[in-house]
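Following: one structure in structure tokens, then a few remarks.
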Amino acid sequence: MININGTIFEDSQANLSPYNRGYAYGDAVFETLKINNGKPVFWEAHYFRLMASMRILRMQIPMHFTPEYLEKQLSSLVSVLSSSAISYRAKITVFRDSNGYYTPDTNAVSYTISISELESDNYIISDQHYEIELFKDYLIAPNLISTLKTNNKIINVVGSIFAKENNYNNCLLLNTNKSVIEALNGNVFIVNGNTIKTAPLSDGCLKGIVREKLIEIVSKSPAYELDESSISPFELQKADEIFVTNIVQGIVPVTKYRKKTYTSEVSKDLLKLLNIKLRLG
């Protein structure tokens, strides 16, 4: 099932024009969310990130695009599913709804919402092998647009194919300054002792929601020290732990990078704290 501008269609009946600007030019932004018991978690953070992204891309925000309206659209899609799942992954895509070539005729927008089942409402740490490598074929220029979730994600696609071809679970992306900024599907953190480090937004990394929540957790914890600064690739093999974060999986510990293997004690501790935030919304 898919919601297109407030109307719910079967997947087979949901059609978008080949001239859709999200398809033709990548002129779209999206939010991936986790829904528990019919409610989107961290909804306020997701909503304001979506609105900020639309403003940065000079999209016209409709008057009815309130938090309540979009939350209702998410809930209505969950309610029509013949499923007993308690958790879902949802994706809101907003695209500029106009003709034109690179220059759109107007800045008005349309949206779609799609949804799929998840196995658990809580985040769960996996103890499975998880090996990463650097993806160095293409670099990301650090700027405000690189921090957004847009339809321009071809580096992530090509990097994911590279990882699959070489039997890696994930790859880390570099910016044009050769600093590590993020993973293919989320933000990256490295742990040394009680110091937890992640790349700053000024380096061009995704402005992730779980990244934001973990920064709040670490900043308030007397057990840890936050370091939000550029990450050199040479730091990876010196780290005690590396983990990847995203809204669907929460925290994913890395077990191997080249010849280095890692523990996951800090990852597991932070996951407990993240699940508390998850339940509180």
Identify each donor-acceptor pair in which a side-chain atom of residues 34-42 lies under 3.5 Å from a protein atom, sequence neighbours left out, and give them as a table.
| unit_1 | atom_1 | unit_2 | atom_2 | d |
| --- | --- | --- | --- | --- |
| Lys34 | NZ | Ser87 | OG | 3.2 |
| Lys34 | NZ | Ser120 | O | 2.8 |
| Lys34 | NZ | Asp121 | O | 3.4 |
| Asn36 | OD1 | Ser87 | OG | 2.8 |
| Asn36 | ND2 | Asp121 | O | 3.1 |

Just jot down the ring pair (Phe, Tyr, Trp, His ring centres under 6.0 Å) partners of [X], sequence neighbours excluded, or say none.
X     : result
Phe65 : Tyr111
Phe9  : none
His64 : Tyr69

Below 4.5 Å, heavy atoms only, C-beta onward: do [X] and [Y] meet side chain to side chain?
X      : Y      : value
Cys171 : Phe162 : yes
Thr112 : Phe95  : yes
Ile190 : Ile231 : yes
Tyr88  : Leu74  : no
Glu235 : Ile242 : no

Would you kindly check if the NZ (Lys) or CZ (Arg) of Lys149 is within the cone defined by 45 degrees around the ring axis of Phe30 and under 6.0 Å from the six-membered ring centre?
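Judged by the rule, Lys149 and Phe30 form no cation-pi pair.
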
Set of salt bridge (Lys or Arg N to Asp or Glu O under 4.0 Å) partners for Glu228, sequence neighbours left out
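Listed in chain order: Arg211.
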
Count I, L, V, M, F, W, Y as connected when their side-chain heavy atoms are under 4.5 Å apart, and connections chain through other members. Are Ile145 and Leu201 then in the same cluster?
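No.
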
Check whether Glu71 reaches the backbone of Trp43 with its side chain - one donor and one acceptor, N or O, closer than 3.5 Å.
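Judged by distance alone, no pair lies under 3.5 Å.
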
Among all residues two or more places apart in sequence or in another chain, which pass the side chain to side chain donor-acceptor pair (under 3.5 Å) test with [X]?
X      : result
Glu212 : none
Tyr123 : none
Asp269 : Tyr224

Using a strict cut-off of less than 4.0 Å between a Lys/Arg side-chain nitrogen and an Asp/Glu carboxylate oxygen, indicate whether Glu117 and Arg89 qualify as a salt bridge.
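No, no charged N to carboxylate O under 4.0 Å.
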
Report, one line per pair, each donor and acceptor closer than 3.5 Å where one atom sits in a side chain of residues 12-24; sequence neighbours left out.
| unit_1 | atom_1 | unit_2 | atom_2 | d |
| --- | --- | --- | --- | --- |
| Ser17 | OG | Tyr19 | N | 2.9 |
| Asn20 | OD1 | Gly22 | N | 2.7 |
| Asn20 | OD1 | Tyr23 | N | 3.1 |
| Arg21 | NE | Asp27 | OD2 | 2.8 |
| Arg21 | NH1 | Gly100 | O | 3.4 |
| Arg21 | NH1 | Tyr101 | O | 2.7 |
| Arg21 | NH2 | Tyr101 | O | 3.0 |
| Arg21 | NH2 | Tyr102 | O | 3.2 |

Lys260 NZ: over 12 foreign heavy atoms closer than 6.0 Å:
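Atom NZ in Lys260 is crowded, with more than 12 foreign heavy atoms closer than 6.0 Å.
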
For Lys207, look at atom NZ and say whether over 12 heavy atoms of other residues, nucleotides or ligands are found less than 6.0 Å away.
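No - once you tally the heavy atoms of other residues, nucleotides and ligands closer than 6.0 Å, there are 12 at most.
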
Can you list every pair that meets side-chain hydrogen bond (donor to acceptor under 3.5 Å, both in side chains) and has a residue in residues 157-169, with sequence neighbours left out?
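For residues 157-169, and leaving out neighbouring residues, there are no side-chain hydrogen bond (donor to acceptor under 3.5 Å, both in side chains) pairs at all.
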
Applying side-chain contact (heavy atoms from CB on, under 4.5 Å), can you list everything that pairs with Lys72, at least two apart in sequence or on another chain?
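For Lys72, no residue satisfies side-chain contact (heavy atoms from CB on, under 4.5 Å) once neighbours in sequence are set aside.
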
Asn170: side-chain contact (heavy atoms from CB on, under 4.5 Å) partners, not counting sequence neighbours:
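With sequence neighbours excluded, Asn170 shows a side-chain contact (heavy atoms from CB on, under 4.5 Å) to Tyr130, Ile132, Ala183, Leu184, Asn185, Val244, given in chain and number order.
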
List the steps, then state whether side-chain contact (heavy atoms from CB on, under 4.5 Å) holds for Arg258 with Leu134.
CA-CA 10 Å; Arg258 297 184 180 177; Leu134 296 177; 4.0 Å; yes

I'd like to know whether His46 forms a side-chain contact (heavy atoms from CB on, under 4.5 Å) with Ile247, so could you lay out the CA-CA distance, the side-chain angles of the two residues, the decisive distance to 0.1 Å, and finally the verdict.
CA-CA 10 Å; His46 279 291; Ile247 193 63; 3.6 Å; yes

Test side-chain contact (heavy atoms from CB on, under 4.5 Å) applied to Asn122 and Leu278, step by step:
CA-CA 8 Å; Asn122 278 336; Leu278 187 72; 4.2 Å; yes

So, taking the atom named NZ in Lys277 and the one named CG in Leu270, what distance separates them when rounded to the nearest 0.5 Å?
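One gets 12.5 Å once the value is rounded to the nearest 0.5 Å.
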
What's the shortest heavy-atom distance between Arg96 and Arg58, and which atoms?
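Nearest heavy atoms, Arg96 then Arg58: NH1-O, 3.0 Å.
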
Residue pair Leu271 / Ile124: nearest heavy atoms and the distance that separates them
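Nearest heavy atoms, Leu271 then Ile124: CD2-C, 3.8 Å.
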
